[in-house]
Amino acid sequence: MRRNEDVALLFDHIAELLTLKNENPFRIRAYQIAAQKIRALSDDIEEIARQGRLDAIPGVGKALAAKIQEYLETGRLQYYEKLKQEVPITAADLLEVPGIGPARAHVLYQSLGITTIAELLEAAREHKLRDLPGFGPKVEERIAREAGRLVQRTRRLLLGVALPHAEEVISLLQPHPAVEAIAPAGSLRRMKETIGDIDILVASRQPDVIVEAFANLSVVKEVLATGSTRSSILTRDGLQVDLRIVAPDEWGSALLYFTGSKEHNIALRGLAQDQGWKLSEYGLFDREGRRLAGRTEEEIYHALGLDWIPPELREDRGELEAARERRLPQLVELDEIRADLHVHSDWSDGHDSPQRIVEAAVTRGYEYIAFADHSQSLTVARGLSPQQVREQHRLIAHLNERYAPFRILHGAEVNILPDGTLDYPDEILELFDLVIVSVHSALDLPRDRMTARLLRAIRHPAADILGHPTGRLLPNRPPYDVDLEQILRAAADYRVAVEINGQPDRLDLDDVWSRRAIELGALVSTNSDAHAVRQLEHMRYAIATARRGWVEARHVVNTWPLGTMLEWLERRLPARRYRRSSQGIRN
DNA sequence: GCCGTTTTCGGCCCGACTGTTTTCAGTCG
């Protein structure tokens, strides 16, 4: 799996360099499409190359197949090396500046030798741009402004930050009598892990009234821009929200269009085109210009011979083919979740008492829960000593009497030590009903040692769930170096579930690896990793990530009824079965 | 550079907007 991403990245870079050379845009697109298709492959590209089937990959023809072959065999690509000498790869940054596309970037590099945003900013301020072909005073001014903003750019928002804000704005605007429909759009509706802009779409016959109402919402700090059917505001929390208003008749086509992804839309338009039809944000039209669909998304998908595709899947990663063949996944839903298996209490680094957490879990409609406080070596998080574990065990038995039939499982988030052993002796590990094994230290081990470390932990008979399997923290801490493919295979073999952790800065596994996990037959567990009652809410982000990974309820252990869960927990530790009968728990 | 019940050339997603132009190219979403 690892080289797939290398090849995809190589093609993305080639596309950027060709863009800067102002090459044929369709040739550039060919590289971009190939990169995307290679990313979406579930098979190892090296294996495909060995079988001589590279040109069977959609978007890869003879020329690209040869380039992939050369790159895989030699680790280099002559064509790319040559391109890099013609145009420095840093110049690709210029394309990020709004107002600069292929043509202007090319002119900037060719005539002024500009290759960085800093150089661009300087040149704009010295008025060196206005006389270039295709530029003028207005463009120069805009570039200076946008480049300046980019230099001190605010990062993309985490889904867990953007979504609550969007929902607040929507809840304020929704009751307005002129609003006929309202929904988030863009990457937010697709539930991507990070969001560029918060986009909200409204259907209304009175756009001017909506624009006015939007500007006067209580959360608005500043109106940034306004027009007849659109408006941008800055909220008191400093987030930008863009609103667009469309006619109710065009709601479906507009929602489809503004939800994206761009790649999904392009593919969809291709399907329309195959019929001689035309799809735009205004609707689906036949060759005489008659409107075939547009009021709802369902109408449009159906007219194109497709099942309606949930927004989380709209990335052109095979969802269109699946929709045509009526084999879209039945994506897991939040209300199918019966338990949260990863919750911290104030015994370790959580903020709330076990009682409060249990009551909140009952309120959320869960049937059971597992506490997963930290283990002894994680002193910064007040990890529990063996003595405390025994005390907690007694407390949980007591809570189970009090809250029956709600069931509290005594779990733990046990550190995987650098050598792959677990952070408690076996007699303590056997006390737990459920054990999450996680890495919290020595994150920079070399790949082979990190892989061996995780494999050893998975093989331990007490291990039930591999917690946040890659250790990444958005946006700054990358995943640790590990052969995840091998880890997921082992997890499938030992029936250890891999976690989809719902903390907004983790979402770990991510969508792509979640999909790979279920392809390999692994079970997953969606968890909040809550450190306070309020954060039980993070389950929704775990579910969103799972859905983006094509995960169905049958893959998710915490959709299971308690009885099934207990059977699974007993699979390698019969001691747990003994405990179930001694506590008089029935299914 | 890819692709093909409009197959080996001539297409390749669509429409709006802006500013630079003198009829339209470039950019964006």
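Chain A is the first sequence line, chain B the second, and so forth, proteins listed ahead of strands; every chain is numbered from 1.
Residue A:Glu319 forms a side chain to side chain donor-acceptor pair (under 3.5 Å) with just one option from A:His264, A:Arg324, A:Arg314, and that option is A:His264.
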Acceptor/donor pairs from residues 173-184 of chain A side chains to any protein atom, 3.5 angstrom cut, sequence neighbours excluded:
from     : atom 1 : to       : atom 2 : distance (Å)
A:His176 : ND1    : A:Ala178 : N      : 3.0
A:Glu180 : OE1    : A:Arg205 : NH2    : 3.3
A:Glu180 : OE2    : A:Arg205 : NE     : 2.6

Using nucleotides 3-5 of chain B, report all nitrogen or oxygen pairs with the protein that are shorter than 3.5 Å.
from  : atom 1 : to      : atom 2 : distance (Å)
B:dC3 : OP1    : A:Gly59 : N      : 2.9

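Across all strands shown, B:dT8 forms no Watson-Crick or G-U wobble pair with both key distances under 3.5 Å.
At a cut-off of 3.5 Å, with distance as the only test, no side-chain donor of A:Gln32 or A:Gln36 sits close to an acceptor on the other residue.
Counting non-hydrogen atoms under 4.0 angstrom, A:Val107 reaches nothing in the nucleic acid. A:Ile28 comes within 4.0 angstrom of nothing in the nucleic acid, heavy atoms only. Looking at heavy-atom distances under 4.0 Å, A:Lys67 makes contact with sugar-phosphate atoms alone, never a base. Across all strands, A:Pro98 comes closer than 4.0 Å only to sugar-phosphate atoms, never to a base (heavy-atom distances).
Position along DNA chain B of the nearest nucleotide to A:Pro102 versus A:Asp274 favours A:Asp274 as the more 5'-ward residue.
We find that A:Glu122 and A:Arg125 are not joined by a salt bridge, their nearest charged nitrogen and carboxylate oxygen being 4.0 Å or further apart.
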Base versus backbone protein contacts along nucleotides 12-20 of chain B [heavy-atom cut-off under 4.0 Å; B, S, -]: BBSSS--SS
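In this structure a side-chain-to-backbone donor-acceptor pair under 3.5 Å is present from A:Glu140 to A:Leu129.
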